[in-house]
Amino acid sequence: MSTVIEQAVQARLISSAPQLENVPATLSYDRTDPFAVHMTFPPPATLEGIEVVWTFARELLAAGLDEPAGIGDVQLRPYGYGRTVLELHATEGVAMVHIRTSELRRFLKQTQELVPTGAEHQYLDVDQDLAQLLSS
């Protein structure tokens, strides 16, 4: 069984222009890092023209589907018409994207099948992580 889940999603970038711009993104989850979700935007979708990865808690993603969640660099909230708004705060500014809530729920379900919520600690290899930390 694979320890990594990846799912492509279409994100709609919210801007001051009247139309929303679709940008591709990939959600990923790795059982070896059981508390984290990664969202990757490819170079054409970023201001810098390089791949950008945002990492945030799986718990935050789950909470933000039903009510506003997050007080830091990543914030989520439900939005009408089956969408979730994801706000990404950086020194360059704030990016806001709409993602279909159904896509996020499907992704979360897959992660929970791989690592059940509340059992994340069972998938951590503290000894290996400590050895890596001490060797560097």
Side-chain angles (χ1 to χ4, degrees):
M1 178 183 213
S2 174
T3 65
V4 176
I5 295 171
E6 287 191 351
Q7 178 179 317
V9 294
Q10 281 297 315
R12 297 182 117 194
L13 183 62
I14 302 168
S15 67
S16 57
Q19 292 184 331
L20 299 176
E21 178 184 344
N22 285 331
V23 296
T26 302
L27 287 167
S28 60
Y29 179 80
D30 187 337
R31 182 169 57 185
T32 64
D33 189 9
F35 291 100
V37 168
H38 308 279
M39 187 166 203
T40 305
F41 294 92
T46 68
L47 292 174
E48 299 84 17
I50 59 170
E51 181 178 271
V52 173
V53 180
W54 284 83
T55 302
F56 50 96
R58 177 173 73 162
E59 182 179 41
L60 174 64
L61 179 58
L65 298 181
D66 297 315
E67 61 186 17
I71 56 171
D73 293 341
V74 179
Q75 299 175 24
L76 292 102
R77 68 179 177 279
Y79 187 74
Y81 308 108
R83 298 215 176 254
T84 298
V85 173
L86 177 67
E87 288 185 25
L88 305 168
H89 296 254
T91 48
E92 297 83 11
V94 177
M96 294 177 60
V97 295
H98 283 179
I99 302 173
R100 285 189 186 97
T101 304
S102 61
E103 290 182 350
L104 296 174
R105 287 192 193 283
R106 183 180 39 185
F107 174 75
L108 275 173
K109 182 179 181 204
Q110 291 174 335
T111 71
Q112 291 164 346
E113 289 170 358
L114 189 62
V115 176
T117 300
E120 294 90 350
H121 66 282
Q122 297 174 13
Y123 294 85
L124 293 175
D125 189 345
V126 177
D127 292 334
Q128 179 184 339
D129 292 344
L130 185 57
Q132 278 184 326
L133 182 64
L134 293 175
S135 69
S136 58

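Side chains are part of it too, since the values below use all heavy atoms of this structure and drop only hydrogens, waters and symmetry mates.
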K.L.:
Mind checking the CG-CZ spacing from L104 to R83? Nearest 0.5 Å is all I need.
P.N.:
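Between L104 CG and R83 CZ, I get 10.5 Å after rounding to 0.5 Å.
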K.L.:
Using a cut-off of 6.0 Å, state whether more than 12 heavy atoms not belonging to Y123 lie near its atom OH.
P.N.:
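Yes, because the 6.0 Å sphere around OH of Y123 holds more than 12 heavy atoms from other groups.
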K.L.:
If you define the side chain from C-beta out and look only at heavy atoms, does anything of E113 sit under 4.5 Å from I5?
P.N.:
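No; the side chains remain at least 4.5 Å from each other.
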K.L.:
Can you sort out the partners of T26 under side-chain hydrogen bond (donor to acceptor under 3.5 Å, both in side chains), two or more places apart, ordered by chain and number?
P.N.:
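Counting only residues at least two positions away or on another chain, T26 forms no side-chain hydrogen bond (donor to acceptor under 3.5 Å, both in side chains).
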K.L.:
Rounded to the nearest 0.5 Å, what separation is found between the CZ atom of R106 and the CD atom of Q110?
P.N.:
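Rounded to the nearest 0.5 Å, the CZ-CD separation comes to 7.0 Å.
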K.L.:
Is the closest side-chain heavy-atom distance between E51 and P43 below 4.5 Å?
P.N.:
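Yes, at least one pair of side-chain atoms sits under 4.5 Å.
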K.L.:
Please name the residue in the list T117, T3, V115 that meets the side chain to side chain contact (heavy atoms under 4.5 Å, CB included) test with P34.
P.N.:
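Of the listed residues T117, T3, V115, the side chain to side chain contact (heavy atoms under 4.5 Å, CB included) partner of P34 is V115.
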K.L.:
What distance separates Q7 CD from L27 CG, expressed to the nearest 0.5 Å?
P.N.:
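Going from CD on Q7 over to CG on L27, the span is 6.0 Å.
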K.L.:
Indicate yes or no: at least one non-hydrogen side-chain atom of T84 is less than 4.5 angstrom from one of L61.
P.N.:
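Not touching, per the 4.5 Å side-chain cut-off.
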K.L.:
Please examine the side chains of H89 and E87, heavy atoms only from C-beta on, and report whether any two atoms are closer than 4.5 Å.
P.N.:
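In short, these two side chains touch, coming nearer than 4.5 Å.
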K.L.:
Give, for atom CG of L86 and atom CZ of R77, the distance between the pair rounded to the nearest 0.5 Å.
P.N.:
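Nearest 0.5 Å value for the CG-CZ distance: 10.0 Å.
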K.L.:
Can you name the closest pair of heavy atoms from P24 and P42 and give their distance?
P.N.:
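Nearest heavy atoms, P24 then P42: O-CD, 3.2 Å.
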K.L.:
What residues form a salt bridge (charged side-chain N to carboxylate O under 4.0 Å, His left out) with R100, not counting sequence neighbours?
P.N.:
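E103.
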K.L.:
I need the L108 CG to E59 CD distance, nearest 0.5 Å.
P.N.:
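Result: 11.5 Å between the selected atoms.
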K.L.:
Any ring-ring contact (aromatic ring centres under 6.0 Å, His included) involving residues 29-77? Give me the pairs, sequence neighbours left out, ordered by first then second residue.
P.N.:
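Passing the test, one end in residues 29-77: no pairs.
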K.L.:
Flag the pair L88 / V52 as yes when at least one side-chain heavy-atom distance between them is below 4.5 Å, and no otherwise.
P.N.:
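The answer is no; the side chains never approach within 4.5 Å.
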K.L.:
Output yes when a side-chain donor or acceptor of Q75 lies under 3.5 Å from a complementary backbone atom of G72, and no otherwise.
P.N.:
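Here the side-chain-to-backbone pair exists.
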K.L.:
Do T111 and V37 make a side-chain contact, defined as non-hydrogen atoms from C-beta onward lying under 4.5 Å apart?
P.N.:
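T111 does not reach V37 side chain to side chain.
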K.L.:
Main chain of G82, side chain of T101: is a donor-acceptor contact present, judged purely on distance under 3.5 Å?
P.N.:
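Yes.
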K.L.:
Is any side-chain N of the basic residue among D33 and R58 closer than 4.0 Å to the acidic one's carboxylate O?
P.N.:
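No, D33 and R58 are not salt-bridged.
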K.L.:
Would you compute the distance between atom NE2 of H98 and atom CG of N22 and round it to the nearest 0.5 angstrom?
P.N.:
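One finds 11.5 Å between NE2 of H98 and CG of N22.
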